[in-house]
2 protein chains.
Amino acid sequence: MAEQAKPERRSQAARREEMRERLAAATLDALADHGNAGASLSVILERAGVSRGAWAHHFETKAEMLALAAEGLLLGAVASARALGPAETPDPSLPLEDRLSAMIEAAWTRFYTGRHRDLLFEVAMAARTDTELRARLAPIFSGFLAAIGSNWGLSLRPDADDVTEMADLMVLTIYMLRGMAMQELAAGPAPGHEALRRLWVRMLAGWVGRYGGP
Amino acid sequence: MAEQAKPERRSQAARREEMRERLAAATLDALADHGNAGASLSVILERAGVSRGAWAHHFETKAEMLALAAEGLLLGAVASARALGPAETPDPSLPLEDRLSAMIEAAWTRFYTGRHRDLLFEVAMAARTDTELRARLAPIFSGFLAAIGSNWGLSLRPDADDVTEMADLMVLTIYMLRGMAMQELAAGPAPGHEALRRLWVRMLAGWVGRYGGP
DNA sequence: AAAAACAAACCAATCGGTCTGTTTTTATAA
DNA sequence: TTATAAAAACAGACCGATTGGTTTGTTTTT
């Protein structure tokens, strides 16, 4: 035992894992910076500081590496979606509107701004024309929505009469945020978007409490 | 001036225009079929049936050709957005919910299904990492939303107290449809989406008529 | 000593773009 | 009208750079 005596001499399993991780991370970096069209193998390898030969030892093709990287990205989003529900509803006694708003703002910044937003769209577009990638990612895309629907709906209104509708409303919310994100991606940030999200929250709260809720 | 006596011998201006049009169309075809990464010049030229030399005579760079094609696509969408408002509200005496639904379904099929959806997203993503393209397209993306907001809002509720809010609601609607389209693009068609759009319409109609509308 | 990890030179194919030469249209003058 | 020269439209061979991927050889772990 005593395997970590010197910093050098790491096990092969650890080296392999770290190398694949490093390459996947560099793939996402390149994707975010240059888009799918510009994320060439050379760019990725330079970014990772990995030689072509070493790369070949860990991945068969570039597509395989991209698939692993994309899968990791999306699975991370699913995990966040599950965690975000409970985390962002600290005080169940607050008005529904406030809790909704907190949750939606959290989702907006986590999923639909900055690097994550760019990668999400980049990966979705790559899946469109790549059958294999699409087959691997489609269930995760659906899983994300399922997580949003069941988890958020439940943590917002555990007592709701119609749990299914609450889940649907959360999915609609995600769709709206996505479309908003696409606008900012293509045309730059829009200051009015925060107000639009507030309007959305008011509408949502009004609908949920339409029979005289809290 | 009997210039069109023979089918041959077309004016140079006409030839140039037709050629640029043909190349732009082929660019969009290639983009739809292979994505931005796979839409190489060779693919585009083969599709258009145009030689490399002829192409060079009409465009300086591939980027310039893509910009023209993308611009045409988006301007067509803006024109449709303007036309769709009046066209899809044939009977102003129908309930607001029905008119809303008709309009939203029309927008869904026109903008967010099939080839147009794919091209829209493809072009938006290309603009993300291409500064010049982005500068050219960003105002058109904004113009599309402006057309949706003012035109739809007005033709649905010319008497509305708050015209601004009606426009905002239409923009939110577009965002929701966009996000929904992205889901189908990445994970395939979802039968439940029609029901989700109906739910959205009910919510929208309820909100607009919340003070006792028609 | 065998196997896995790594490095770098190397490869055919393809990329966007250019060059050279031919055909078609246009402008001008007889 | 017709002859003609310049210009524009077009075709295809050609170019250096880059692409994803392979091969050969060295170092490190087992």
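Chain A is the first sequence line, chain B the second, and so forth, proteins listed ahead of strands; every chain is numbered from 1. Here the structure is a predicted model, which is why all the values come from computation and not from measurement.
Taking A:Arg128 as the reference, B:Asp118, B:Glu122 meet the salt bridge (charged side-chain N to carboxylate O under 4.0 Å, His left out) condition, with sequence neighbours excluded. Evaluation of the salt bridge (charged side-chain N to carboxylate O under 4.0 Å, His left out) rule for A:Asp98 yields no partner, not counting sequence neighbours. In terms of the salt bridge (charged side-chain N to carboxylate O under 4.0 Å, His left out) criterion, B:Arg117 has no residue partners (sequence neighbours excluded).
Sorted by residue number, the list of members of residues 24-40 of chain A with any non-hydrogen atom under 4.0 Å from DNA chain C is empty. Contacts of residues 41-62 of chain B with DNA chain D (heavy atom under 4.0 Å): B:Ser51, B:Arg52, B:Gly53, B:Ala54, B:His57, B:His58.
The backbone N or O of B:Glu97 lies less than 3.5 Å from no partner atom in the side chain of B:Ser101, so there is not a single donor-acceptor pair.
You'll find the ring centres of A:Trp200 and B:Trp200 inside the 6.0 Å limit.
In this structure, A:His116 and A:Phe111 have tilted ring planes: the angle between them lies in the 30° to 60° band. Using cut-offs of 30° and 60° for the angle between ring planes, the B:Tyr175 and A:His193 rings count as perpendicular.
A heavy-atom distance below 4.5 Å is found between the side chains of A:Met170 and A:Leu100.
Summary of helix geometry: the two end axes of the helix from C:dA1-D:dT30 to C:dA30-D:dT1, each defined by five base pairs via their C1' atoms, are inclined to each other by 10° (rounded to 10°).
Remark: P of C:dA5 and CD of A:Glu21 are 16 Å apart, rounded to the nearest angstrom. For the pair B:Glu18 CD and C:dT24 P, the interatomic distance rounds to 16 Å; values are reported in whole Å. Protein atom CZ of A:Arg16 is 13 Å distant from nucleotide atom C1' of C:dA3, rounded to whole Å. Rounded to a whole Å, the CE atom of B:Met19 is 14 Å from the C1' atom of C:dT25.
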Using the salt bridge (Lys or Arg N to Asp or Glu O under 4.0 Å) rule, take B:Glu132 and B:Arg136 through it: C-alpha gap first, then chi angles, then the decisive distance, then the call. CA-CA 6 Å; B:Glu132 283 201 34; B:Arg136 276 180 75 166; over 6 Å; no
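Interatomic distance, B:Leu169 CG to B:Thr164 OG1, rounded to the nearest 0.5 Å: 11.0 Å.
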